[in-house]
Amino acid sequence: MENPALADRGEQLARLQQNIEDLLAEARRRGASAAEAAVSNSTGLEVAVRLGEVETVEHTRDHGLWVSVYFGNRKGSASTSDLSPDALRDAVGQACSIATHTQEDRCAGLAPAELMARELPELDLNHPWSIDVEQAVALAKRCEDAARGADPRIVNSEGASLGTHAGLQIYGNSHGFVGGYPSTRHSLSCAVVGKEGDSMQRDHWWTSARAPEDMDAADYVGRRAAEQTVARLGARRLGTRAVPVLFRAELAAGLLRHLMGAINGASLYRKTSFLLDKLGEQILPSFVRVHENPHRPRGLASAPFDGDGVATRAKDFIADGVLASYLLDHYSACRLGMQTTGNAGGARNLSVSMGERDRAAMLGELGTGLFVTELMGQGVNSVTGDYSRGASGFWVENGEIQFPVEEITIAGNLLEMYRGLVAIGNDCDFPGSTTTGSWLLERMTVAGE
Amino acid sequence: MNDSLEIARNSILAPVGLGDADLDRLVGALQSPAIDAADIYFQSSRLQSWVLEDGIIKDGSFNIEQGAGLRAVAGEKTGFAYSDELKFPALEQAAVAARAIAGGGRQGVVKIGGLPLERRLYEPLNPIDSMDDAAKVELLHRVDAEARRADPRVTQVVTSIVAVQDTILVISDDGRMSADVRPLVRLNVNVVVEQDGRREQGHSGGGARRELGYFLENDRAMAFAREAVRTALVSLEAEPAPAGTMTVVLGAGWPGVLLHEAVGHGLEGDFNRKGTSAFAGRMGERVAAKGVTVVDDGTLAGRRGSLNVDDEGTPTHNTTLIEDGILVGYMQDRLNARLMGAAPTGNGRRESYAHLPMPRMTNTYMLAGDRDPAEIIASVEKGLYAVNFGGGQVDITSGKFTFSTSEAYMIENGKVGRPVKGATLIGNGPDVLMRVSMIGNDLKLDEGVGTCGKEGQSVPVGVGQPTLRVDGLTVGGTTA
């Protein structure tokens with residue numbers, strides 16, 4: 001079957017836009033003083049192969065709608081997967097009914113009209129992939145074959161999956177703003193199992209992009225999954241100790257995610273952030289810059305406007321190690337007595353300034369310590385910054401990897417961990433909207449045997 | 001009596017005009033000689049939520065979702081398509097797409113027949129209508145007031161209430177039609193406390209497959225408010241947690257998340273069929289200390305993890321996984337049971353019509369032993385007493401698992417001492433239960449708050465255990 005590549009997307013866009021107009025009109029008719037709504041649809045194909053055979057073929061097709069109505073400063077919301085006219089009217093009715101019980105909240109309402117995105121930049125997010133089931137299966141097989149053939153210790157597989165999705169999303173509100181755009185996302189992933197003696201390990205790798213031609217090659221994804229799996233075989237534990245820790249790039253992005261969570265408006269006005277009142281203060285060493293570019297062409301998190309309809313804009317969250325901006329939507333900004341940063345829905349395409357050091361140089365800088373390649377569990381207290389997570393990776397001596405380690409924990413406090421950031425590598429090697437190299441932290445507590 | 005089937009027919013099929021003849025044709029359209037199994041899963045779900053923050057009802061939301069997932073299985077291959085449009089042409093198109101997995105074939109004809117529910121673990125009620133909206137809002141205000149009354153150091157309270165009615169109708173290739181109407185309610189309390197510039201958070205809450213009046217019974221909602229404040233205040237006093245491997249006493253109830261992570265996932269049929277679980281091929285072997293018996297029981301009345309029938313229409317079971325320390329059972333859905341030559345255990349679950357079913361846990365717990373919990377604590381010279389946890393995670397293949405404490409104390413000379421900060425505990429699933437040296441007589445199930453994630457799909461689950469002494473778990477604190 002053909003992957004529905006949506007030849008008639010212009011028409012669909014117009015229809016969804018009409019859905020928005022109808023929702024807003026229905027809200028007005030019911031007496032709402034303001035309203036906002038979003039509708040989306042997406043279709044896709046997902047195939048999974050395992051041990052060279054097809055495991056699943058899934059055809060996905062989703063619709064969604066949400067609406068919020070405001071009666072002065074009282075709010076009500078509703079959502080549904082049914083876009084029929086009756087369902088749209090019901091949804092607005094439900095939202096209005098909710099609003100008869102919610103209370104005056106001075107910040108509830110739309111973002112100011114003058115902040116709405118006026119022009120929508122072309123972000124090049126729409127690259128449908130006309131791949132059929134057989135081709136998708138062939139590519140997934142090729143990926144898994146590359147993994148299984150990479151090393152004789154790869155003895156089993158969780159398989160490889162290919163997914164391709166194309167969607168439309170539209171947001172509008174009673175300021176008269178309506179904006180929408182089509183986007184696509186494609187991914188290929190592989191997970192294999194290795195065995196040596198009594199040690200059995202799995203690992204995975206993946207690639208994801210807006211356009212098929214931007215994806216990493218299937219062979220590379222498979223080989224990398226295999227290499228990472230094999231490297232973990234024979235992992236040992238470590239004794240309890242305090243040592244420097246190198247977070248591989250993908251995990252360094254996680255450290256950044258905790259930071260973004262702590263400067264998120266909702267955490268700030270609820271006072272549940274370990275970075276409360278830190279705006280303008282040094283929280284990382286001065287060599288660190290964290291920049292957001294929401295208009296990166298083909299960016300996985302690119303968007304012309306945020307969830308409030310506010311124009312997104314490039315900015316630094318961290319400049320010279322100083323917290324330069326919070327991450328705010330209209331509501332949380334109002335609660336803090338500030339103005340929205342156009343981040344309803346989160347941060348979009350962060351990049352961390354990378355230094356001159358490649359992986360080997362970072363390991364050299366680590367000297368003797370722990371190179372963490374996987375983290376497990378939650379274990380982060382967002383109020384205090386206390387951090388304690390399960391880990392696996394490699395023990396490093398004099399800049400050389402000695403042996404894989406597992407069943408240990410690493411612990412510290414994020415405020416101190418950020419202050420103790422020694423260096424950032426240029427070894428960004430993972431797909432995703434954030435780009436950063438590995439992070440070397442001065443010292444953490446490792447718990448083990 | 002079979003209200004569920006009637007309710008499901010009336011609420012899902014009747015509004016879109018789908019009759020038995022249409023269903024016969026759809027199941028027929030999924031079949032071909034190469035197809036071993038097929039099913040259609042209809043779902044209609046309604047959710048209402050209310051949030052109180054800063055002393056006011058800030059937001060409320062109503063969500064309606066419905067659709068159907070159509071699946072055809074040939075050997076180990078599964079074809080799947082779903083539609084959120086329940087009109088016949090859309091469903092037929094989905095059926096053809098799903099069946100393509102087995103190549104072309106001729107259409108079969110199947111006669112559908114309703115299957116009565118064997119038992120009822122919860123009433124087929126709509127919890128959203130079980131209390132009027134004004135009363136829900138009033139309940140949240142009372143919970144908020146109770147939390148603020150409990151201690152002057154409380155600076156922030158966020159409470160929420162969620163009610164869901166999930167109606168499912170599943171038709172399998174043999175014409176068997178089963179339905180289940182699943183109520184689910186949940187109440188959460190989060191507080192922030194502040195003292196001398198130090199802030200901490202506390203959480204509590206619970207839920208069940210009941211009407212909202214559940215929260216009014218036994219002062220339950222108010223007790224959640226006080227519990228959230230109590231845990232936050234304990235955290236205010238907490239000192240850095242220890243680092244290293246030590247004796248850990250796990251409290252009764254929610255700490256059973258240990259079982260869910262350490263052994264539960266590893267005993268799901270799919271991982272064992274594929275040989276990717278650290279428990280694969282270990283049936284009949286000792287995997288836990290003598291006295292350790294672990295079950296997965298989907299048949300507990302009113303529990304969050306319980307189901308009358310699973311998402312493939314199989315009645316849920318009480319499945320013994322580990323008996324007196326010996327591995328005796330896996331959890332199965334239909335696909336894995338067939339491929340492993342085993343019987344389905346009623347563990348075939350899916351997040352929604354848009355997801356494929358897999359073997360999943362229901363309520364997983366360890367049976368009680370005979371030790372007095374006080375005696376267990378008194379037996380420990382130096383160790384950690386962990387009474388509450390956040391979530392956990394497991395690597396099925398290596399067997400390594402983590403779970404993170406949210407309330408824990410040092411034990412010194414057999415006495416519970418100072419509270420310590422949250423820390424992640426890490427261990428090895430296949431041997432952690434071998435280190436269980438004492439089992440309490442105080443089996444308790446959790447308050448009904450668990451959600452399990454697997455391959456991106458979330459389902460409600462329960463856990464439980466008695467107080468346990470584990471000789472040697474690694475505690476991820478900061479002080480050596």
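Letters go in sequence order (proteins before strands), and every chain restarts at 1.
- Contact count against chain A (heavy-atom pairs under 4.5 Å) is highest for B:Asn428 among B:Asn428, B:Thr479, B:Val192.
- Atom CG of residue B:Leu140 and atom OG1 of residue B:Thr159 lie 4.0 Å apart, to the nearest 0.5 angstrom.
- Residues A:Arg74 and A:Glu104 meet the side-chain proximity criterion, which asks for heavy atoms closer than 4.5 Å.
- The candidate from A:Gly412, A:Ser81, A:Ala99, A:Ser199 with the greatest count of non-hydrogen atom pairs under 4.5 Å with chain B is A:Ser81.
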Would you tabulate the side-chain donor-acceptor contacts of residues 89-97 of chain A under 3.5 Å, counting partners in other chains and residues two or more places apart, or write 'none'?
unit_1	atom_1	unit_2	atom_2	d
A:Arg89	NH2	A:Asp86	OD1	2.6

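- For B:Ser352, no part sits under 4.5 Å from any heavy atom of chain A, backbone or side chain.
- At a heavy-atom separation below 4.5 angstrom, chain B is approached by A:Met376, A:Gly377, A:Gln378, A:Gly379, A:Asn381, A:Ser382, A:Val383, A:Thr384, A:Asp386, A:Ser388, A:Arg389 within residues 376-389 of chain A.
- In this structure, the side chains of B:Ser83 and A:Arg61 come closer than 4.5 Å at one or more pairs of heavy atoms.
- Between the CD1 atom in A:Ile98 and the CZ atom in A:Phe71 there is a gap of 12.0 Å [rounded to 0.5 Å].
- When each of B:Glu76, B:Met246, B:Gln201 is scored by its heavy-atom pairs under 4.5 Å with chain A, the top score falls to B:Gln201.
- Of the atoms belonging to B:Ser404, it is side-chain heavy atoms, and not backbone ones, that fall under 4.5 Å from chain A.
- Considering only heavy-atom pairs separated by less than 4.5 Å from chain B, the leading option among A:Asp62, A:Val193, A:Asn413 is A:Asp62.
- Residue contact with chain B, scored on non-hydrogen atoms closer than 4.5 Å, is absent for A:Ala87.
- Of the options B:Lys274, B:Lys454, B:Arg273, a salt bridge (Lys or Arg N to Asp or Glu O under 4.0 Å) to B:Glu268 is made by B:Lys454 and by none of the others.
- Between A:Ile408 and B:Thr474, the closest side-chain pair of non-hydrogen atoms is not below 4.5 Å.
- Both the backbone and the side chain of B:Gln66 come within contact range of chain A, each with at least one heavy atom under 4.5 Å from a heavy atom of that chain.
- Between B:Phe389 and B:Leu258 the shortest side-chain heavy-atom distance does not fall below 4.5 Å.
- Side-chain contact between A:Leu268 and A:Leu276 is present, with at least one heavy-atom pair separated by less than 4.5 Å.
- For B:Ala241, no part lies under 4.5 angstrom from a heavy atom of chain A.
- The structure places CD1 of A:Ile410 at 14.0 Å from CZ of A:Arg443, a figure rounded to the nearest 0.5 Å.
- Across B:Val475, B:Val137, B:Thr276, the residue that shares the most heavy-atom pairs under 4.5 angstrom with chain A is B:Thr276.
- Between B:Glu194 and A:Lys271 no salt bridge is recorded (no basic side-chain N to carboxylate O distance below 4.0 Å).
- Ranked by heavy-atom pairs under 4.5 Å with chain A, the list B:Asp84, B:Thr155, B:Asn63, B:Thr245 is led by B:Asp84.
- Defined by atom type and a distance below 3.5 Å, a donor-acceptor pair is missing between the side-chain atoms of A:Asp82 and A:Thr80.
- Taking the six-membered ring where the residue is Trp, the centroids of B:Phe279 and B:Phe271 are separated by 6.0 Å or more.
- With respect to chain B, the highest number of heavy-atom pairs below 4.5 Å among A:Trp66, A:Phe274, A:Tyr269 belongs to A:Tyr269.
- Side-chain atoms of A:Asn41 and A:His63 form no donor-acceptor pair, as typed in the model, at a separation below 3.5 Å.
- The part of B:His141 that comes within reach of chain A is its side chain, from C-beta onward, which places non-hydrogen atoms under 4.5 angstrom from that chain.
- Ranked by heavy-atom pairs shorter than 4.5 Å toward chain A, the options B:Gly390, B:Ser49, B:Gly422, B:Gly244 are led by B:Gly244.
- The aromatic rings of B:Tyr82 and B:Tyr353 sit perpendicular, their planes meeting at an angle over 60°, well past the 30° parallel limit.
- Taking all atoms of both residues into account, the shortest heavy-atom contact from B:Ala278 to B:Ser398 is CB-C, 4.3 Å.
- With rounding to the nearest 0.5 angstrom, the CD atom of B:Gln43 is 8.0 Å from the CZ atom of B:Arg350.
- Residue B:Asp395 touches chain A through both its backbone and its side chain, counting heavy-atom pairs closer than 4.5 Å.
- For chain A, no part of B:Phe403 is nearby; none of its heavy atoms comes within less than 4.5 Å.
- In this model, no donor atom of one side chain and acceptor atom of the other lie less than 3.5 Å apart for A:Arg270 and B:Gln156.
- Atom-to-atom distance recorded for B:Ile101:CD1 and B:Arg71:CZ is 12.5 Å, nearest 0.5 angstrom.
- With a 4.5 Å cut-off on non-hydrogen atoms, B:Glu261 does not touch chain A at all.
- In terms of heavy-atom pairs under 4.5 Å with chain B, the best-connected choice from A:Glu449, A:Glu406, A:Met200 is A:Met200.
- In this structure, B:Glu200 and B:Gln195 have side chains that are not in contact, with every pair of non-hydrogen atoms separated by 4.5 Å or more.
- Heavy-atom distances place the backbone of A:Ser273, and not its side chain, under 4.5 Å from chain B.
- Heavy-atom distances place the side chain of A:Glu53, and not its backbone, under 4.5 Å from chain B.
- Every side chain to side chain contact (heavy atoms under 4.5 Å, CB included) that B:Val51 has, sequence neighbours left out, goes to B:Val158, B:Ser160.
- Interface check for chain B: of the options A:Arg241, A:Gln201, A:Arg50, the most heavy-atom pairs under 4.5 Å are formed by A:Arg50.
- Looking only at heavy-atom pairs under 4.5 Å with chain B, the residue among A:Val49, A:Leu65, A:Thr102 that has the most is A:Thr102.
- Of all residues in residues 231-239 of chain A, those placing a non-hydrogen atom less than 4.5 angstrom from a non-hydrogen atom of chain B are A:Arg232, A:Arg237.
- Most heavy-atom pairs under 4.5 Å with chain A: of the set B:Gly476, B:Ala94, B:Ser406, this distinction falls to B:Gly476.
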